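The block underneath contains the structure these notes are about, expressed in structure tokens.
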Amino acid sequence: MIQLAYIRENKQDVINRLAIKNIDATAAIEEIIALDQEKRRAQTEVEALLSEQNTLEKQIGELFKSGKKAEADDLKNRSAAIKEVSKGYEDKLAKLEEDLKNALIVLPNIPSTMVPPGKTPEENEVVFLNEKNMPKLADDSLPHWELTAKYDIIDFELGNKIAGAGFPVYKGQGAKLQRALINFFLDQASKAGYYEVQPPILINEESGFGTGQLPDKEGQMYHVTADNLYLIPTAEVPVTNIFRDTIVKAEEMPIKYTAYTPCFRREAGSYGAHVRGLNRLHQFDKVEIVQIAHPKDSYAILEEMRNYVCSLLDLLELPYRTLKLCGGDMSFASALTYDMEVWSGAQKRWLEVSSVSNFESFQANRLKLRYREGNDKPVLAHTLNGSALALPRIVASLLENNQTIDGIRIPAALVSYTGFDTIK
RNA sequence: GGUGAGAUGCCUGAGUGGCCGAAAGGAACAGUUUGCUAAACUGUCGUACGGGUAACUGUACCGAGGGUUCGAAUCCCUCUCUCACCGCCA
């Protein structure tokens, strides 16, 4: 949620920058400013009446104590009359507050000034390219969904039987590879100073609201209606919500957390060749990194996180590139996002394996996540997160790029985790 | 799932209708004292939203939502959560 005070003072800037996200917010911003003005006026009115009411109440108390019942009764009547009037104002104020909030929460975050314009993913800016590990594959190289069948390491049909499409069963060396990657990513994150947590993988509505999934993206999450809980689409939600309604000390920042969780996404309506195999799943594993940062540091930290993710890809010996997302491809809550994509040798295309974003105070405003500097007033913190990393496409790329006649080679960094150096 | 007890500020904890935005203690922060540490003393010490250049000031908030009353942390109702015991159970 964009800070109201910012909108109030920088109306045109907000409109201009939301245009980078291809949103014409002119009408919405005008409405918000009008509602805000009206709301404040109503608040002043209501509070004046309440103040009068409070004064009367005190006087009535005094009069009762000194036994002046008649005078007290007289004031009671006045009080009742004021109450009658103020009730109407209070309802009006509540309505205005509601309308204002509703207008604010549907507004996406303002993109950073660094965000390039553009409408489609094709307009994302390639800011880094590492082709050092580009595979030289034979013409008869197999896509991962054939490799997984050949070595019997991931069974899509079996998962289909148990749950449905998009819920694969990892088997044998495939299962061990999953576990190895999770442990590898968590160990690396710990080494980089992230504090490891295991959060719930079901979340309530408030948590979904806090990070911006609700009410906007309701349909993308699995909803457990009996208990009104949602399966997490990413660990970002439970981990960031650890800090909902908190005030942290400025010197404690940046706060760095990491978590491994399964992630669940309904992905309604996406079918076709590009979602084959591991390319798009309903359930997948991911290690997430989250930081709570001081506003002055958040962009430096975004770079640090991005470099950290790249370091993982280097260790896995994968070719990759980094994209700076254009306005049109950015998420609702993000101010600046980098996507990391690995090269998938047999599919011959780039696969997104990580998305690292700075949300500035957008999530913090919804979460009421603030920091305090000394004895100053609390200020909204900045939140950031990134995948480090999402497993399925990493696996797809590892399998495809490292396929040989003798099996699939496991990158050196992983061997101590898998316990084998080749999938046979 | 059943029964009982509870939910007050950073923490402990007092408060059963007006004098309570809330005692007291602890923690924290600042200062004084001090060779250092510790201790002692003094002061500060919730949040949000308004009004005001500011000093300051108004309103709301004692788990959440309703109700009674001129007036609610305090009484009533509903819900949520926590704890204890029982049941069930990885």
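Keep in mind that the numbers below use all heavy atoms, side chains included, and drop hydrogens, waters and symmetry copies. So you know, we letter chains A, B, ... as the sequences are listed, proteins then strands, and number each from 1. These numbers were taken from a predicted model, which means no experiment stands behind them.
- A donor-acceptor contact closer than 3.5 angstrom is absent between the side chains of A:Ser331 and A:Ser334.
- Looking at residues two or more places apart in sequence or on another chain, you find a salt bridge (charged side-chain N to carboxylate O under 4.0 Å, His left out) between A:Arg8 and A:Asp36.
- With P as the reference atom, B:C76 and B:U69 are 16 Å apart, rounded to whole Å.
- Each side-chain hydrogen bond (donor to acceptor under 3.5 Å, both in side chains) pair with one or both residues in residues 48-58 of chain A, not counting sequence neighbours, appears once here: A:Gln53-A:Ser79.
- Rounding to whole angstrom units, CD1 of residue A:Ile60 and C1' of B:G71 are separated by 7 Å.
- When only modelled atom types and interatomic distance are considered, A:Thr383 and A:Gln363 share a side-chain donor-acceptor pair under 3.5 Å.
- Counting only residues at least two apart or on different chains, the ring pair (Phe, Tyr, Trp, His ring centres under 6.0 Å) pairs with a member in residues 146-173 of chain A are A:Phe167-A:His282.
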Inset, instruction - Could you provide the dot-bracket string of RNA chain B, using ( ) for intrastrand pairs, [ ] for crossing pairs and | for bases paired to another strand, with Watson-Crick or G-U pairs below 3.5 Å? - result: ((((((((.[[[..)..(.....]]].(((((.......))))).((((((....)))))).[[[[[..)....]]]]])))))))....
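- Contacts classified as side-chain hydrogen bond (donor to acceptor under 3.5 Å, both in side chains) and involving residues 191-205 of chain A (residues at least two apart or in different chains) are given here: A:Tyr194-A:Gln291, A:Asn204-A:Ser207, A:Glu205-A:Asn228.
- Comparing A:Lys83 and A:Gly61 by the nucleotide of RNA chain B whose heavy atom lies nearest to each, the residue mapping closer to the 5' end is A:Gly61.
- Nucleotides B:U59 and B:G71 have their P atoms positioned 16 Å apart, rounded to a whole Å.
- Taking the six-membered ring for Trp, A:Tyr230 and A:Phe264 have ring centres at least 6.0 Å apart.
- The interatomic distance linking A:Asp245 (CG) with B:C10 (P) rounds to 12 Å, in whole Å.
- Atom P of nucleotide B:C10 and atom CD of A:Glu252 are separated by 15 Å, given to the nearest angstrom.
- Between the CD atom of A:Glu57 and the C1' atom of B:G18 there is a distance of 9 Å, given to the nearest Å.
- For residues 175-187 of chain A, the set of pairs meeting the side-chain hydrogen bond (donor to acceptor under 3.5 Å, both in side chains) definition, not counting sequence neighbours, comprises A:Gln178-A:Asp285, A:Asp187-A:Tyr417.
- Comparing the C1' positions of B:U12 and B:C62 gives a spacing of 16 Å, expressed to the nearest Å.
- On the P atoms, B:A39 is 9 Å away from B:A28, given to the nearest whole Å.
- Shown here are the side-chain hydrogen bond (donor to acceptor under 3.5 Å, both in side chains) partners of A:Arg372, two or more places apart in sequence or in another chain: there are none.
- Rounded to whole Å, the distance from CD on A:Gln53 to P on B:U69 is 14 Å.
- Near RNA chain B, meaning a heavy atom under 4.0 Å from it, residues 72-81 of chain A has A:Lys76, A:Ser79 in order of number.
- Shown here are the side-chain hydrogen bond (donor to acceptor under 3.5 Å, both in side chains) partners of A:Glu400, two or more places apart in sequence or in another chain: A:His144, A:Ser344, A:Gln347.
- B:C56 and B:U32: their P atoms are spaced 24 Å apart (whole Å).
- Straight-line distance between the P atoms of B:U74 and B:U68: roughly 15 Å, to the nearest whole Å.
- Taking atom C1' on both nucleotides, B:C85 is separated from B:U42 by 50 Å, rounded to a whole Å.
- With sequence neighbours left out, the side-chain hydrogen bond (donor to acceptor under 3.5 Å, both in side chains) criterion links A:Lys95 to A:Asp99.
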Legend entry - Sugar-phosphate or base contact per nucleotide [nucleotides 46-64 of chain B; S, B, -; heavy atom under 4.0 Å]: SSSBSS------BBS----
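- Take A:Glu288 and apply the salt bridge (charged side-chain N to carboxylate O under 4.0 Å, His left out) test, not counting sequence neighbours, and it matches A:Lys286.
- To the nearest whole angstrom, the two C1' atoms, one in B:G87 and one in B:U3, are 11 Å apart.
- Following rounding to the nearest Å, A:Asn228 (CG) and B:U80 (C1') show an atom-to-atom distance of 13 Å.
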